[in-house]
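Encoded as structure tokens, the structure appears first; notes follow it.
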Amino acid sequence: MKIEQIYTDCLAQGAYYIVSNGEAAIIDPLRETQPYIERLQKDNVTLKYIFETHFHADFVSGHVDLSKKTGAKIVYGPTANPDFEAIIAKDEQVFEIGNIKIKVLHTPGHTMESSTFLLIDENAKETAIFSGDTLFLGDVGRPDLAQKAAGMTQEDLAGLLYDSLKNKIMPLADDTVVYPAHGAGSACGKNMQKETVDTLGNQKKTNYALNQPNKEAFIKAVTDGLLPAPAYFGMNVAMNKNGFDNFDKVLNNGLKALSANEFEEIAENSEALILDTRSAADFTKGFIPQSINIGLNGDFAPWVGALVKDVRQPILLVADKGNEKEVVTRLSRVGFDNILGHLENGFETWKGSGKAIDMINRISAEQLDSEYFEDIKILDVRKENEFEAEHVENAYSRPLAYINDWINDLDSKEHFYIHCAGGYRSMMAASILQAHGYHNFSEVEGGFNAISKTDIPKTDFVCPSKKMIL
């Protein structure tokens, strides 16, 4: 028997590849199928089942394409009702893969169809659970995403989650290995550990949700402090439930190379968003007017989903040469399939054509220090918990995730400064501000990491509950 965790850092997502005696199963695969096909061919095994722990909200699964290419059956837990052919398993139904078995444990709460898959090895030992979004390391799945579909409140769903954990998960042996669907950085939980594999026994000791004295306390603990879910979550659920375009088709469309003139013509005659995926350092030196910068080398796909919101939005890409396929792949993982093409050879093609370019006024932390005065207006676009831990005195907390809510409150005539932790998020904010007609601002290179080394007045440090994310 072989179990491989295929972890994708930019989505904080874990898929699982399991092999036993010539047969294989894959749990919660990502959108692109080729990596799985290559594993199957290398191991000379047949994919028998594709197990889905639930209808995912934060990424588009590859279950439909993978099933079409391999003939493997898609398996969901009880109450699932997808618009494509699938096995809707009964609670405690058992599936055989080679010499091992996968037992379905219906664990509703995160969603109604959520299920945990219990692996029983060749010696009939219950060895591991693939817990999806039911149980994370350090946390449990948020119970607020399926309210509308279930006709329930988040408290109702949290109560179901408590029952699922107490009756289906907690009775399992302490040496049971826990393989969750997500790790730290995912918006599907609020308190996840950085590790991606653990034992159930250790989670019983360390996971705050598993250590509540009763159901009422559990409900309060898991619903307290939940941030609003990104807008694209609901759209991803619909794609996972209803089906979607073939990934190869999406990739071919996105890899269509456009000249500067073709790119400009499409931009002018459509409502396409120009998405520039270069680094903040390159973007600030020059970009196509109205471009939005979300750098590929970061939490790229989740930020696209958080800021663009509508997965149907037409997109024109600007990427570093050679990165086009990676950009399209990552966009497709979160459902952004309407990609009209990319600028051939990247921004240098546009620059070389002599067409208009725009720039961001980026300054150093030292320059901010020299320009600092008592009534200076500084917008801190980090998360609330980062701001609460430590910030520039009298700065305003304006989290990037909510920029569409606060952008219209700004006075375009008043100069202000913006920063994040390291410069990745503040350049996103700067590009959005400039696209909306704001130019009277300065973005601080290096963010709070650089500001903290200056004499600019800052609040006393308070240990944050979460690790800062650049």
Heavy-atom side-chain contact between Gln154 and Leu226 under 4.5 Å: yes
Qualifying residues under side-chain contact (heavy atoms from CB on, under 4.5 Å), relative to Ala12, sequence neighbours excluded: Tyr7, Ser186
Nearest heavy-atom neighbours spanning Asp245 and Asp65: O-OD2, 4.4 Å
Salt bridge (Lys or Arg N to Asp or Glu O under 4.0 Å) evaluation trace for Glu366 with Lys453: CA-CA 9 Å; Glu366 291 74 20; Lys453 299 174 184 177; over 6 Å; no
Salt bridge flag under 4.0 Å for residues Lys73 and Glu85: yes
Ser442: partners by side-chain contact (heavy atoms from CB on, under 4.5 Å), with sequence neighbours left out: Asn361, Ile363, His415, Tyr417
Pairwise side-chain hydrogen bond (donor to acceptor under 3.5 Å, both in side chains) hits with a residue in residues 271-286, at least two apart: Asp276-Arg278, Ser279-Asp282
Salt bridge present between Arg425 and Glu386 (N-O < 4.0 angstrom): yes
Within residues 411-422 or reaching into it, pairs that qualify as salt bridge (Lys or Arg N to Asp or Glu O under 4.0 Å) - sequence neighbours excluded: Lys377-Glu414
Non-hydrogen atoms of Val222 and Pro143 that approach each other most closely: O-CD, 4.1 Å
Shortest non-hydrogen contact between Pro180 and Thr196, atoms and distance: CD-O, 3.3 Å
Side-chain touch Leu135/Thr116, heavy atoms, less than 4.5 angstrom: no
Residues that Phe130 engages under ring pair (Phe, Tyr, Trp, His ring centres under 6.0 Å), provided they are two or more places apart: Tyr16, Tyr179
Aromatic Phe416 / basic Arg398 pairing, under 6.0 angstrom, 45° off normal: no
pair Leu11-Asp58: side-chain heavy atoms closer than 4.5 Å: no
Gly295 to Tyr424 - nearest heavy-atom pair and separation: O-OH, 2.6 Å
Glu265 atom CD, over 12 foreign heavy atoms within 6.0 Å: no
Residue list, ring pair (Phe, Tyr, Trp, His ring centres under 6.0 Å) with Tyr49, at least two apart or on another chain: Phe51, Phe95
From Thr33 atom OG1 to Leu66 atom CG, the distance as rounded to the nearest 0.5 Å: 6.0 Å
Salt bridge (Lys or Arg N to Asp or Glu O under 4.0 Å) contacts touching residues 41-55 (sequence neighbours left out): Lys2-Asp43, Glu23-Lys48
Gap between atom OH of Tyr396 and atom CG of Leu379 - 0.5 Å precision: 8.5 Å
Summary of side-chain hydrogen bond (donor to acceptor under 3.5 Å, both in side chains) pairs that have at least one residue in residues 223-235, sequence neighbours excluded: none
Residues that His63 engages under side-chain hydrogen bond (donor to acceptor under 3.5 Å, both in side chains), provided they are two or more places apart: Ser61, Tyr76
Any residue meeting side-chain contact (heavy atoms from CB on, under 4.5 Å) with Asp248, in chain and number order, not counting sequence neighbours: Lys69, Asn246
Leu340 vs Ile315 side-chain heavy atoms within contact, under 4.5 Å: no
Set of residues satisfying side-chain contact (heavy atoms from CB on, under 4.5 Å) with respect to Asn404, sequence neighbours excluded: Lys309
Partner set under ring pair (Phe, Tyr, Trp, His ring centres under 6.0 Å) for His54, not counting sequence neighbours: His56, His110
Pairing of Lys321 and Glu348 as salt bridge, 4.0 angstrom limit: no
Side chains of Asp380 and Val392 in contact at under 4.5 Å (non-hydrogen atoms): no
